[in-house]
Amino acid sequence: MQRICKQCNQGFEIDERDLEFYKKIEVPPPTLCPEDRAQRRWGFRPKNFYLRACDNCGKKVMSWISPNSKKIKAYCEDCFKSDEFDAMVYGQDIDFNRSFFEQFQELFTKVPRHTSNAINNENSAYIICAHNNKNCYFVDEVDGSWDCYYGYNVQYCKNLVECLYVRDSEIGYDLIKAENCYSVFYSKNVFNCKNSAFLLNCRNCTNCLFCANLRNQEYCIFNKKVSPEEFKKFWDFAFAGKQENVDISKGKFEEFLKTQFYPASLIINSEDSEGDYLSNCKNVSDSFCVDNCRDCRYCSDIHYSKDCYDVNIYEGDLMYECLHVGPKGYGQFFTQLTWFSTNIYYCLDARSCRDCFGCVGTKRKEFCILNKQYSKDQYESLKAKLIEKIKEDKEWGEFLPLTMSQFAYNTTMAQRFFPLSKEEVLARGLEWEDEEEKTDFRITDAEKAFYEKYGIPLPTIAPMKRIEKLWSKMPVRKLREVKCGKCGIPTKTTLPEELKDRILCQECYVASLGSAA
C-alpha cells in the first residue's frame with residue numbers, strides 16, 4: 001500500500017511484510033516515511049560531550065545533556081543508581097480526559113535523567129553511553145574497551161584513537177568500520193588486517209599500504225606486490241610524525257582511489273538483506289550499521305537482534321520505534337534508554353522492568369503506569385483502557401513527536417544524519433542552541449604517548465571537530481538506485497553520485513577482485 005508522509009508529503013511504500021509485523025504487535029501502519037521516523041527518534045538522542053554538575057550531589061561529570069538545558073534535571077551515575085533515588089515518588093494518576101503524551105511529558109520533565117548513561121567504568125570519567133571500560137576518553141557508545149580516545153561505537157578494543165564503528169581490534173588511528181584488525185591506520189571498511197595503513201575495502205591483508213579491494217594479500221603498495229624493504233621505506237615516510245608527510249600520503253591515496261571500483265554496499269556474510277554496513281544478517285532490509293540480526297527493517301546501530309522495526313542503537317527482540325534499548329530487551333515499544341526490560345511501552349531510563357507503561361527512571365518494577373504501582377489485574381485493565389484512549393487521540397503506534405524532545409535539535413544525532421539550518425529548526429517549532437565553538441583543547445599524556453609511539457603528528461583541531469570530520473566520511477543513511485558500472489543492472493547504494501560509474505553490484509564487484517594485486 002502507498003501512503004503520503006504527513007511530515008514531508010512524499011509517498012512511501014508499506015508492503016505485506018510490514019503489514020504482518022504491524023498486525024503482530026497490534027499497531028496501525030506508520031504515518032511518517034522511514035526517513036522522517038528515523039529523524040524523529042534521533043532527535044531524542046544527544047551527540048555532544050559536556051561538563052555538567054549533578055543536580056543532586058553537585059559533582060561535575062561528563063554528560064550528553066547541555067548545562068544550558070535547565071529544564072532537564074540530571075543525576076550522576078552514583079546518585080542515579082542509589083537506593084535513595086526512587087523515581088516512584090513522581091508517580092501520577094492517569095487522566096483519561098487528557099492526552100497521554102501530555103501526561104508522559106509532564107512526568108519525564110520532573111524525573112531526573114542519567115547524565116551520561118555510562119556505568120561500571122574505570123578511569124574513564126569523560127565518556128558517554130559506556131560500559132565496562134578502562135582508561136577511555138571522549139568516546140560515545142563504547143563497551144569493554146581499554147585505552148581508547150575519541151570516537152563512536154567502539155566495541156571490545158584496545159589502544160584506538162579517532163575511530164567509528166570498530167570492533168575487536170587493537171592499535172589503530174583514523175579508522176571507520178574495522179573488525180578484528182591490529183595496528184591499522186587511516187583506513188575504512190577493513191576486516192582481519194594488520195600492520196597496514198591507507199586501506200579501503202580490504203580483508204585479510206598484512207603489511208599493505210595505499211590499497212583498495214584486496215583480499216588475502218601481503219606486502220602490497222597501490223595493489224602491487226613489493227619487497228619488505230620497499231614497504232618499510234613508504235611506511236617510514238608516512239609515519240615520521242610529520243603532518244606534511246601524512247598530507248602527501250593521503251593525497252597519493254586519494255588519487256589512487258579515483259581508479260578503483262566500489263561495492264554498492266558493504267554487506268558481509270548476510271542472506272536476503274539490503275542496506276549498508278551489514279554483517280552476519282538474515283532478512284534485514286533498509287538498515288545501516290547492523291550486525292548479527294535477523295528479520296529487521298528500518299534499523300541502525302543494532303546487533304544480536306530479531307523481529308525489530310525502526311530501532312536505533314543496541315539490541316533486543318520484538319521491538320518497534322525504540323531508541324537506545326537493550327541489552328537483552330524483549331517486547332519494547334516506543335521506549336528510550338530501557339535496559340533488561342520486557343513488555344514495556346513509552347518508557348524512558350528504565351532498568352530491569354517488565355509490564356510497565358509510560359514510566360521514567362524506574363528500576364526493577366512491574367505493573368506500573370506513569371510511575372505508579374498497580375496490581376497485575378489493575379495494570380492490565382488500565383493499560384487496555386489507556387491504549388484505547390491513545391487510539392482515540394490518533395497517537396497510538398507513534399513515537400513521541402519531535403517537538404517533545406528535551407534537547408536542542410542541533411545537539412542531537414538528528415542533526416548529524418538529517419541536518420537542518422537554524423531557520424528550518426525554528427520554523428518546525430523545535431529548539432536550537434547557539435553553541436560556542438571551542439578551539440582550545442588538551443592532549444592527555446596517554447594520548448601524546450600514542451601519537452609519538454606510532455609516528456602520528458599531534459592534532460591541531462579540537463576533539464569535536466575531529467569527530468565530526470570522521471562522520472563526514474560516512475555515507476548517508478539512505479539507499480538510492482543506480483546502475484552497476486559494469487553490467488548496468490540496477491542496484492542500491494548509499495554512495496555519492498560522483499562515484500556512479502565506479503559503483504558495482506555485488507556480483508561484478510566480487511568478480512573484479514580477481515584483478516587486484
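In this text, all values refer to a predicted model and were calculated from it rather than measured experimentally.
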### Query
With a 4.5 Å heavy-atom cut-off, do M474 and Y165 have their side chains touching?
yes
### Task
Evaluate the side-chain proximity of Y137 to P463: yes if any heavy-atom separation is below 4.5 Å, no if none is.
no
### Message
Could you check whether any side-chain N or O of N371 sits under 3.5 Å from a backbone N or O of T362, counting only pairs where one atom can act as donor and the other as acceptor?
### Response
no
### Heavy-atom side-chain proximity of F12 to R37 below 4.5 angstrom
yes
#### Entry: Straight-line distance of D95 CG to E102 CD, nearest 0.5 Å
9.5 Å
#### Entry: F138 vs Y150, ring-ring contact (aromatic ring centres under 6.0 Å, His included): CA-CA, chis, key distance, verdict
CA-CA 5 Å; F138 265 78; Y150 309 111; 5.8 Å; yes
### Message
For F85 together with Y75, are the ring centres under 6.0 Å from each other?
### Response
yes
### Message
Taking the cut-offs as 6.0 angstrom to the six-membered ring centre and 45 degrees off its axis, would you call K363 and F80 a cation-pi pair?
### Response
yes
### Query
Can you find a pair of side-chain heavy atoms, one from K422 and one from N410, that are under 4.5 Å apart?
no
### Message
Between E437 and K465, does the salt bridge (Lys or Arg N to Asp or Glu O under 4.0 Å) criterion hold? Intermediate values first, please.
### Response
CA-CA 9 Å; E437 184 173 331; K465 284 282 188 180; 3.6 Å; yes
### Query
Under 3.5 Å, is there a donor-acceptor pair between the side chain of N133 and the main chain of G144?
yes
### Check: D55 side chain, A74 main-chain N or O, donor-acceptor pair, under 3.5 Å
yes
### Query
Is any side-chain heavy atom of K250 less than 4.5 Å from a side-chain heavy atom of Y186?
yes
### Message
Under a 3.5 Å cutoff, is there a donor and acceptor pairing between the side chains of S273 and S270?
### Response
no
### Exceeds 12 heavy-atom contacts within 6.0 angstrom, atom NZ of K473
yes
### Query
Does K385 make a cation-pi contact with F96 (under 6.0 Å, within 45 degrees of the axis)?
yes
### Query
Cationic tip of R466 within the cone over F441's six-membered ring, i.e. under 6.0 Å and within 45° of the normal?
yes
### Task
Measure the OG-CG distance between S300 and N312 for me, rounded to the nearest 0.5 Å.
3.5 Å
### Query
Do L402 and R428 have side-chain heavy atoms sitting under 4.5 Å apart?
yes
### Message
Check R40 with E398, please: is the shortest side-chain N to carboxylate O separation under 4.0 Å?
### Response
yes
### Task
May I have the step-by-step check of side chain to side chain contact (heavy atoms under 4.5 Å, CB included) for K438 and M464, ending in yes or no?
CA-CA 9 Å; K438 296 181 179 179; M464 289 308 299; over 6 Å; no
### Task
May I ask you to check whether over 12 heavy atoms, not counting those of W432, lie within 6.0 Å of atom CH2?
yes
### Message
Check this for me: does any side-chain nitrogen of one of D36 and K6 sit under 4.0 Å from a carboxylate oxygen of the other?
### Response
no
### Message
Assess the residue pair C5 and E35 against the criterion (side chain to side chain contact (heavy atoms under 4.5 Å, CB included)); give the C-alpha distance rounded to whole Å, side-chain angles, the decisive distance to 0.1 Å, and a yes or no.
### Response
CA-CA 10 Å; C5 174; E35 290 78 20; over 6 Å; no
### Message
Parallel, tilted or perpendicular, judged at 30° and 60°: which one describes the rings of F108 and F104?
### Response
perpendicular
### Query
Just by distance, do the side chain of S187 and the backbone of L199 share a donor-acceptor pair under 3.5 Å?
yes
### Query
Roughly how far, to the nearest 0.5 Å, is CG of L175 from CZ of F185?
8.0 Å
### Task
Begin with the C-alpha distance, continue with both residues' side-chain angles, and end with the deciding distance and a verdict on side-chain hydrogen bond (donor to acceptor under 3.5 Å, both in side chains) for E77 and H114.
CA-CA 7 Å; E77 166 63 9; H114 194 297; 2.5 Å; yes
### Task
Look only at the side chain of Y379 and the backbone of C356, and say whether a donor-acceptor pair between them is shorter than 3.5 Å.
yes
### Query
Take atom CZ in R477; do more than 12 heavy atoms of anything else shown fall under 6.0 Å from it?
yes
### Task
Step through the shown structure and confirm whether more than 12 heavy atoms of other residues, nucleotides or ligands are within 6.0 Å of OH on Y374.
yes
#### Entry: Whether S472 side chain and K469 backbone form a donor-acceptor pair below 3.5 Å
yes
### Query
With a cut-off of 6.0 Å (strictly less than), are more than 12 heavy atoms of other residues, nucleotides or ligands near NZ of K478?
no
### Query
Does E388 come within less than 4.0 Å of K391, counting only side-chain N to carboxylate O?
yes
### Query
Please walk me through it: do R113 and L348 pass side chain to side chain contact (heavy atoms under 4.5 Å, CB included)?
CA-CA 9 Å; R113 303 285 303 275; L348 171 63; 3.6 Å; yes
### Query
Is there a donor-acceptor contact under 3.5 Å from the side chain of S405 to the main chain of G43?
yes
### Query
Would a 4.5 Å heavy-atom cut-off, applied to side chains only, mark C293 and C299 as touching?
no
### Task
Could you walk me through whether V290 and C281 pass the side chain to side chain contact (heavy atoms under 4.5 Å, CB included) test, one step at a time?
CA-CA 8 Å; V290 169; C281 292; 3.8 Å; yes
### Ion pair R45/D140, N-O distance below 4.0 Å
yes
### Query
Got a sec: does the OH of Y182 have more than 12 other heavy atoms crowding it under 6.0 Å?
no
### Task
Taking the six-membered ring for Trp and the full ring for Phe, Tyr or His, determine whether the centres of Y126 and F49 are under 6.0 Å apart.
no
### Task
Answer yes or no: is there an ion pair linking K306 with D295, defined by an N-O contact shorter than 4.0 Å?
no
### Query
Would you say the side-chain atoms of T412 pair up with the backbone N or O of Y409, donor to acceptor, closer than 3.5 Å?
yes
### Task
Using a cut-off of 6.0 Å, state whether more than 12 heavy atoms not belonging to K194 lie near its atom NZ.
no
### Task
Please assess F334 against Y345 for the test ring-ring contact (aromatic ring centres under 6.0 Å, His included), listing each intermediate value before the final yes or no.
CA-CA 6 Å; F334 324 110; Y345 300 78; 7.0 Å; no
### Query
Taking atom CZ of F100 and atom CD of E392, what is their separation to the nearest 0.5 Å?
15.0 Å
### Query
What residue among N117, V325, D349 forms side-chain contact (heavy atoms from CB on, under 4.5 Å) with W339?
N117
### Query
Short question: side chain of S381, backbone of D377 - any donor-acceptor pair under 3.5 Å?
no
### Query
F333 versus F357: any side-chain heavy-atom pair under 4.5 Å?
no
### Query
What's the verdict on ring-ring contact (aromatic ring centres under 6.0 Å, His included) for W471 and F417, showing C-alpha distance, side-chain angles and the deciding distance?
CA-CA 10 Å; W471 277 106; F417 300 134; 5.7 Å; yes
### Message
The criterion is side chain to side chain contact (heavy atoms under 4.5 Å, CB included); which residues satisfy it with K47, sequence neighbours excluded?
### Response
M413, Q415, R416, E468
### Query
Do S124 side-chain atoms and E122 backbone N/O form a donor-acceptor pair below 3.5 Å?
yes
### Message
Before you tell me yes or no, could you show the steps for F399 and F44 under ring-ring contact (aromatic ring centres under 6.0 Å, His included), namely the whole-Å CA-CA distance, both residues' side-chain angles and the distance that decides it to 0.1 Å?
### Response
CA-CA 11 Å; F399 195 78; F44 286 80; 5.3 Å; yes
